[in-house]
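For clarity, every value in this text was computed on a predicted model and none was experimentally measured. Convention: sequence-line order gives letters A, B, ...; per-chain numbering from 1.
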Amino acid sequence: MGDVFIKNCQVLENRQLMEGTYLMRLRAPEIAAAAKPGQFVMVRTGSEPLEGGPLLRRPFSLHRLNSSGEISLLYRVIGVGTRIMGGVEPGRELEIMGPLGRGFDFSEAKEQSYLVAGGIGLAPMIALAEAMGDRKSKFFYGARTSKEVDVFLALIRQTPYEGELVLTSEDGLKAAKGMVTGPLAVALEEEPAQLFACGPRLMLARVAVLAREAGVRAQVSLEANMACGLGACLSCAVERASGEESGPVYSRVCFEGPVFFAEEVRW
Amino acid sequence: MGDVFIKNCQVLENRQLMEGTYLMRLRAPEIAAAAKPGQFVMVRTGSEPLEGGPLLRRPFSLHRLNSSGEISLLYRVIGVGTRIMGGVEPGRELEIMGPLGRGFDFSEAKEQSYLVAGGIGLAPMIALAEAMGDRKSKFFYGARTSKEVDVFLALIRQTPYEGELVLTSEDGLKAAKGMVTGPLAVALEEEPAQLFACGPRLMLARVAVLAREAGVRAQVSLEANMACGLGACLSCAVERASGEESGPVYSRVCFEGPVFFAEEVRW
Amino acid sequence: MVTQPDMRVDLGKLVLKNPVLAASGTFGYGQEMADFCDPALLGGVVVKGLTLEPWPGNPPPRIVETSAGMLNSIGLENVGLDVFLKEKLPWLVERNVTVVANILGKTVDEYAALAQGLGKADGVAMIEINVSCPNVAAGGLAFGTSPEFTAQVVRVVVQAAEQPVMVKLTPMVSDITAVAEAAVQAGADIISLINTIPAMAVDLENRRPALKNVVGGLSGPAIKPVALRLVWEVTRAVDAPVIGGGGIMTAEDALEFLMVGARAVQVGTANFVDPRAALKILEGIEAYCKEKSIQDLSTWVGSLKID
Amino acid sequence: MVTQPDMRVDLGKLVLKNPVLAASGTFGYGQEMADFCDPALLGGVVVKGLTLEPWPGNPPPRIVETSAGMLNSIGLENVGLDVFLKEKLPWLVERNVTVVANILGKTVDEYAALAQGLGKADGVAMIEINVSCPNVAAGGLAFGTSPEFTAQVVRVVVQAAEQPVMVKLTPMVSDITAVAEAAVQAGADIISLINTIPAMAVDLENRRPALKNVVGGLSGPAIKPVALRLVWEVTRAVDAPVIGGGGIMTAEDALEFLMVGARAVQVGTANFVDPRAALKILEGIEAYCKEKSIQDLSTWVGSLKID
Ligand SMILES: Cc1cc2nc3c(=O)[nH]c(=O)nc-3n(C[C@H](O)[C@H](O)[C@H](O)COP(=O)(O)OP(=O)(O)OC[C@H]3O[C@@H](n4cnc5c(N)ncnc54)[C@H](O)[C@@H]3O)c2cc1C
Ligand SMILES: Cc1cc2nc3c(=O)[nH]c(=O)nc-3n(C[C@H](O)[C@H](O)[C@H](O)COP(=O)(O)OP(=O)(O)OC[C@H]3O[C@@H](n4cnc5c(N)ncnc54)[C@H](O)[C@@H]3O)c2cc1C
Ligand SMILES: Cc1cc2nc3c(=O)[nH]c(=O)nc-3n(C[C@H](O)[C@H](O)[C@H](O)COP(=O)(O)O)c2cc1C
Ligand SMILES: Cc1cc2nc3c(=O)[nH]c(=O)nc-3n(C[C@H](O)[C@H](O)[C@H](O)COP(=O)(O)O)c2cc1C
Ligand code: FES
Ligand code: FES
């Protein structure tokens, strides 16, 4: 797995990008140096039992990794843990564990790659886009609203990513109306390419089908409720495709994942 | 009981007076108007279950009451609730319930009254001293350290209280060495007077004995673990002196107290 | 269009105006919290557990806070049946409060005598049997830990009482459905659960138990998952209506108990945190019904979907 | 002068180097958390519950957080006895870890077979019997809810095993002392408790159980007061050494269990919150002993004062 750290990391910035979506920058030199795109960290949002806050750490993908020792998280406020995160003032420290899990494998760069993100699944895809640098790729992003499109554009433009952007939004404003898997299917027909994807489970299931049909491989980043993040508790099970005959077989999203090849997973 | 309120009160000031002891001023016009010395409030230091902080409210005596709608609490950091209080920034609001319980009865002012406070038991005694105004009285304060003596002097000098001050400290610096019940016993012998007291249980037990021996009445403010503060849960039991023959009988510190006549209590 | 949802609860022999009750021992005799919560607005008020004779309770300390919960060992301090009927009940009746009397005996005969005494009283809508008291005759374990003892108590109370009888189950048993079934077979009209879970805390510094009584009952959010599970098991095992509770702090918590199968809920510890809690929970349920267009709350009861 | 306190724990047939063990199912096979907690430094590592055959476990979601606690329904996913012996145990043995094997059978025979398989293995210091599995032959209630079934399982394991045998009790019984006594009479060397408390959570928005398995086990700070009470009851009822746990997050928590009478503790959920937790707790106990001049930790065990 490589090195894993638990560090008190100073929050450098914690900014609301739009209603309910925040970007947090942290000083975390060890983690930044060891991490690769697709890996995640676990953030402790609570403190001592009675003093309050949640018990378990919360998992977040690494959204940006930079060589000057910073990491970023892009997160959506869902419940108590992310609400607490949203209220953290810059200057304070958060205890972060990471980097964790298996990230994207983009060593064997093909001629062409398609990056596919839906909603907050954007978080790790920006790190990947950044790391892929000027390799030939297209970035497919499916937003719900035009506001999300704006946020995406602002984020991607901060990176040196130079590939083509293909945008959809559910409201059809500022981007093609519909789901991002629509244009993706078209692109795959025109030019098959390996896929990297993160987003809602239904989107990923569709990506898996498209990949199979196009005869390309897809790496997808999955989510699961997690307790330890280290492979010890077996909370974060995802059923493997292999388990069909002999009963189900599970993998750990935190350890064997969060990035899986689509064909490994039972959808 | 008179009116009781639950109000979100703005913290106007929250100042450390010495290591572990704080003074908090709050805007609480309804409570300030309804309260009298010896009554208390219950402060909510926690929030929603998972979000954290303690479940139950914490009881605190009213330390100052003023006609311009402010109340003050003088508190010592003991555990999680008071630690959270110590960290509250002015401007934020705390949910306060009060005024609660039976305060001091000083309507029948005798020629002379003795106010007796030990440690943080000072809190309600300042309110009482202030309310007694220029009636003839002496204030006995037992400190542990000279620093506590300084804090006491600073606090009492903010009030119009003009009675005599009799100070002791355990370290014997800046005040007579020993327990405050020493000089109190001497004073009672010279000139018996009704007693008003708040402090550690052992001090109050001694005050009760001195009162009995001197043939004067003593009102003492007691503490007990509390859940509701309203007389409903029966958590805050103190054994009554009356219950000797027929088995124990209990009173509620939050409702029949916190101020009791010493002879009501089984010490 | 949003209309007022029907919040009434059909308990068979009795219809409650709404599904939120104050739990025994957490609301005094209704009067103590009246400044903040008009007891007449609630589905019912279960008064502090009654014994035949007045009872002094345990020596202090009687409570201590724990992680997301509290322990109490009040020890059933109460005014006794007679004083309740003469001094406490009239105030409640005058205000039209739906009164549930919670009773506890040290023997089966005491339970019968309590039921008889209450049976004659106007204004007691229901009797709740607390079977958590140690059954001295049977070695000190609580009546409620055995289906047989529970049935025995229920039988005499049902016979002596004029009102519908509800049995409040103790959580600390290996098979709650056996106890619930025995209670229903013995004639109980309604099952309520859960009572507190026996537990303990210590004071490290003084090397002593935090409660003078050493052991107390755990309540509050900490026990909610245990309570939900027990309510789930019991509603699937018996046909009698179930009133659920344990750690309910918010309207969402209450809606969860209803969804799992409880027809009504009891709010306990939350009353201490905020004496307005029961009313806020009631209002929250109503608001939720309006938002989700639930016309009749009874359609929500037991609506949990299992694949 | 502060000297190094003696932290060893005498369990009769076995002496542990210190009183802090990692609880089964919360520390994997020791390897997973090794980056943060050297398992050799702990008093022992209880590995994930073993069954005879590999077991896939339950479908997800398998965990959910609750107030001061969590529910899990892992469903005993494990590699099975053979793979454990071949692939997991050697790593632990090589590092001198005190290994406790936690075993679970669906029948009495399976328990016996597990004990036999482990008995031959070098490097398993102790066997912990998990009696929380539903006893299919006896109507689906867990073995551990009945003194008789518990005794039955203990008897066959003690007979088949070469190592000292510890039984881990289920909290959800009305009289834990009866189960503990039966276990000791059947030959158990050590009692450990508590396992998780059966509980449930639901997802209001989706109207579904939060866990796919509907019911899971509650662990964490929420259950600490229940665990302390059970440890207290068992240590007073039986002479066999007791290892206590349930909601231990800090050294103070651990010291409380020891004060109440446990000779050692198991740290579970805390490992998830912080994989360094068990070590920090160990260090905290040591620091406390030094501060309070406790030369021999065993003098602290059971030092709770009752008036
Ligand atoms: C590998 C991984 C990477 C993730 N990356 C991101 C990211 O970059 N940005 C982002 O906004 N979110 C991300 N998530 C989801 C994020 O972890 C949850 O939204 C968050 O834990 C919610 O916590 P909460 O306390 O606010 O919500 P609550 O609903 O109060 O949480 C209750 C419990 O459910 C768990 N939980 C709730 N939602 C999820 C979820 N979708 N996935 C896993 N556990 C969940 C929580 O961790 C917690 O244990 C990721 C999840 C995983 C597993
Ligand atoms: C009527 C009354 C008036 C009080 N006035 C003051 C005051 O003016 N200034 C001040 O500093 N303190 C006062 N106290 C004590 C104060 O309530 C406690 O110090 C405080 O509740 C401790 O809370 P914690 O969470 O910090 O401590 P913890 O020890 O974490 O509290 C745990 C539990 O014990 C209870 N508790 C702990 N200590 C006491 C205590 N001494 N009395 C009652 N309950 C306690 C808490 O309320 C809580 O329920 C008063 C207590 C009572 C009953
Ligand atoms: C201080 C206190 C006193 C209680 N007294 C009684 C009682 O007299 N009779 C009874 O049946 N239950 C009693 N209970 C149990 C509650 O009615 C309720 O069943 C339990 O607290 C669980 O609900 P909660 O978590 O909402 O508090 C008492 C609980 C508390 C906290
Ligand atoms: C995720 C998880 C898995 C567990 N697996 C097992 C197991 O396989 N065998 C067992 O005896 N106990 C198992 N337990 C119970 C723990 O060992 C421990 O007894 C319980 O969690 C209470 O302690 P805690 O509150 O410190 O976690 C498991 C607990 C958790 C949280
Ligand atoms: S979160 Fe513990 S194994 Fe994945
Ligand atoms: S605190 Fe509830 S009766 Fe006094």
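Using a 4.5 Å cut-off between heavy atoms, D/L218 contacts chain C through its side chain alone, with no backbone atom that close. There is no contact between D/V64 and chain C, counting heavy-atom distances below 4.5 Å. Proximity to chain D involves both the backbone and the side chain of C/L255, based on heavy atoms less than 4.5 angstrom apart. Within the 4.5 angstrom heavy-atom criterion, atoms from both the backbone and the side chain of D/V226 approach chain C. Contact annotation for C/V202: both backbone and side-chain heavy atoms come within less than 4.5 Å of a heavy atom of chain D. Contacts of D/K292 with chain C are absent, with no heavy-atom separation under 4.5 Å from either backbone or side chain.
Each of C/V215, C/L204, C/L228 has some count of heavy-atom pairs under 4.5 Å with chain D, and the biggest count is that of C/L204. Interface remark: of the candidates C/G69, C/P209, C/A201, C/P209 forms the most heavy-atom pairs closer than 4.5 Å to chain D. When each of C/V214, C/L71, C/N206, C/I176 is scored by its heavy-atom pairs under 4.5 Å with chain D, the top score falls to C/V214. Counting heavy-atom pairs closer than 4.5 Å to chain C, the top residue among D/A222, D/A199, D/G216 is D/A199. Between chain C and the options D/T170, D/I197, D/V173, the largest number of non-hydrogen pairs under 4.5 Å is found for D/V173.
For residues 252-274 of chain C, no pair satisfies ring pair (Phe, Tyr, Trp, His ring centres under 6.0 Å), with sequence neighbours left out. Each salt bridge (Lys or Arg N to Asp or Glu O under 4.0 Å) pair with one or both residues in residues 191-205 of chain C, not counting sequence neighbours, would appear here, but there are none.
Every residue two or more places apart in sequence or in another chain that forms a salt bridge (charged side-chain N to carboxylate O under 4.0 Å, His left out) with C/E233 is listed here: C/R229.
Heavy atoms of other residues, nucleotides or ligands lying less than 6.0 angstrom from NZ of C/K280 number more than 12.
With rounding to the nearest 0.5 angstrom, the CD atom of D/E256 is 13.0 Å from the CZ atom of C/R207. Summarising the geometry, atom OG1 belonging to C/T66 is positioned 12.0 Å from atom CD1 belonging to D/I223; distances are rounded to the nearest 0.5 Å.
Residues of residues 298-307 of chain C having a heavy atom under 4.5 Å from any heavy atom of chain D, listed by number: C/W300, C/S303, C/L304, C/K305, C/I306, C/D307.
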